[in-house]
Amino acid sequence: FIESLLKDGGSYGPKLTCELLQIVDILIERMQSEDMTNYRKDLLKYIWNALKCNEPTTKYYGYLAVSRFIAVFETPSKVIQQVYHSLLRDTSERNTVRAAMDLLLPVLKKRLGDEELEDALKYTTKVIRESFGNSIPQMVHLWETITRHPLVYVCQKAAIMPHILQSLSFFGQQPKVPSEISKLSVALAKLIIEWGGTSLDQNDIDTVLSILFRIAFVNADGNPDRLQQQIRAQILSLLKDILASRKNCKIDSSHFQSLGARGSCRDIMLESKSSNTTLKESSDSKSDENEGAIRRLVLCTEIVLNLLCYDPKNDFLEMNICVILNQCFGNAIPHENKKFAQILEDILFHLLVDGYANNETVSYIVAIIENTLRNGKCHDRKDCRAYLAVSVIERVSETNQHFVEPILGSLAVFAEGLANRHIQ
């Protein structure tokens, strides 16, 4: 077959040539290299001629075949560099080019000498500079390649890092961030943290966090799909890693503005008293509240919980925690939203027990709990706020037995309401 292919393969049309290139790819992958030794030069020549074809599909299958060839056989360095340069700049058939890169890059160091490898990687930096701001598809292709194979490029991290930060900021400032670019941006942020380590400048860390938060909140506005859920989980995981090693990172409050006006706990309590209510009551008109707003609120509580666990003295908490709690308790919390209720319970527990919250915050939380227990609408089976308040009291009392004493009256009101509902 191979002899027949090498003899007559050049006379076939594009469609059959593509089929034959796929067969060549399979043969190179699965046959023992010594069985192919006699045909090695002729095979490379055949594939190379296919790469010269103007028909795009033929060319892309040629990329796959030649990358497989390089992965299996010793290949002239000029051929390897030419293939790498072509793949690096080609964005027209992403899946095929990506597959070819995935074959080529793991063996690049093995097939090239030190100087040749350095030249290839420096060429990468050159293409990065040329593409910045000029071609988003080219930027996406380059950064996907690097984030998928960071070990290949780590030796050039000093030259690449400034471009990662620049590109991450560029992607993060786009008015609309597609899920694909969001996923790439998270991968770039992770690479910055891994490559920068403890030597990374604090301003760069703050920039990375700001971009991650923006991406997270933009994604929360859309209909959640599997990719968006993965992006959200990756952002929260990366946030934990950052907060575990860096304290008092700057959290840009502008990303949380949709939750309500900023203000201290004291300001909110005074405003509540002036309107004769401590918390907003749920109403039927709120039952169809925008799901995107709810997702943003849940995301916000997840961020707050991470801050409480890893950086409880962060300035953001003191400035914003009461606004966030006011929004959380201002509307009904459905029983089926167990994740939101559990996160909120954990937040209140940390604030009341860990000792980092100031007196105003603690007083505000106690007011929330008491008002929630006394609010008749919280006996609604569709609303778990009162039961959440009871659960918090129970958990905190295990640590501080005196915590429940000033709340006993409100608990009695809640118990009476439950009894009356049961009788009805």
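Counting heavy atoms of neighbouring residues, nucleotides and ligands inside a 6.0 Å radius, atom NZ of Lys41 does not exceed 12 of them. Heavy-atom contacts from other residues, nucleotides or ligands closer than 6.0 Å to CG of Asn400 number more than 12. More than 12 non-hydrogen atoms from other residues, nucleotides or ligands lie less than 6.0 angstrom from CZ of Phe349. Residue Asn134 places its CG atom among more than 12 non-hydrogen atoms of other residues, nucleotides or ligands, all under 6.0 Å distant.
A donor-acceptor pair is defined here as one N or O able to donate and one able to accept, closer than 3.5 Å; such a pair exists between the side chain of Asp252 and the backbone of Ser254.
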Applying side chain to side chain donor-acceptor pair (under 3.5 Å) to His141 and Asp90, what does each step give before you reach the verdict?
CA-CA 8 Å; His141 170 56; Asp90 200 321; over 6 Å; no

List the steps and the verdict of side chain to side chain donor-acceptor pair (under 3.5 Å) for Thr361 and Asn358.
CA-CA 5 Å; Thr361 301; Asn358 59 37; 2.8 Å; yes

Pair Glu345, Ser391 - check side chain to side chain donor-acceptor pair (under 3.5 Å), show working.
CA-CA 8 Å; Glu345 178 183 326; Ser391 182; 3.0 Å; yes

Output, in order, the C-alpha distance, side-chain angles, deciding distance and verdict of side chain to side chain donor-acceptor pair (under 3.5 Å) for Thr145 and Tyr153.
CA-CA 10 Å; Thr145 299; Tyr153 297 95; 5.8 Å; no

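Leu344 places none of its side-chain heavy atoms less than 4.5 Å from the side chain of Leu305.
A salt bridge does not link Asp25 to Arg30: none of the charged side-chain nitrogens sits closer than 4.0 Å to a carboxylate oxygen. In this structure, Glu19 does not pair ionically with Lys15, as no charged nitrogen and carboxylate oxygen lie closer than 4.0 Å.
Remark: Lys240 pairs with Asn306, Tyr310 by the side-chain contact (heavy atoms from CB on, under 4.5 Å) rule, at least two apart or across chains. Looking at residues two or more places apart in sequence or on another chain, you find a side-chain hydrogen bond (donor to acceptor under 3.5 Å, both in side chains) between Arg98 and Glu144. In terms of the ring pair (Phe, Tyr, Trp, His ring centres under 6.0 Å) criterion, Tyr63 has no residue partners (sequence neighbours excluded). For Thr301, there are no side-chain hydrogen bond (donor to acceptor under 3.5 Å, both in side chains) partners two or more places apart in sequence or in a different chain. Residues meeting the side-chain hydrogen bond (donor to acceptor under 3.5 Å, both in side chains) test with Glu55, sequence neighbours left out: Thr58.
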Side-chain atoms of residues 70-81: list all donor-acceptor pairs with protein atoms under 3.5 Å, sequence neighbours left out, distances to 0.1 Å.
{"unit_1": "Glu74", "atom_1": "OE2", "unit_2": "Arg111", "atom_2": "NH1", "d": "3.4"}
{"unit_1": "Thr75", "atom_1": "OG1", "unit_2": "Phe73", "atom_2": "O", "d": "3.0"}
{"unit_1": "Ser77", "atom_1": "OG", "unit_2": "Glu116", "atom_2": "OE2", "d": "3.0"}
{"unit_1": "Gln81", "atom_1": "NE2", "unit_2": "Glu116", "atom_2": "O", "d": "3.3"}

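Across all non-hydrogen atoms, the minimal contact from Asp201 to Arg246 is C-NH1, 4.3 Å.
Among Asp346, Val390, Leu352, Val353, the single residue meeting the side chain to side chain contact (heavy atoms under 4.5 Å, CB included) criterion with Arg395 is Asp346.
To the nearest 0.5 Å, atoms CZ (Arg232) and CG (Asn219) are separated by 9.5 Å. Distance check, rounded to the nearest 0.5 Å: CG of Leu165 to OG of Ser169 gives 6.5 Å. Here the straight-line distance linking atom OG1 of Thr372 with atom CZ of Phe329 works out to 5.0 Å at 0.5 Å rounding.
His85 and Tyr123 have their aromatic ring centers within a separation under 6.0 angstrom.
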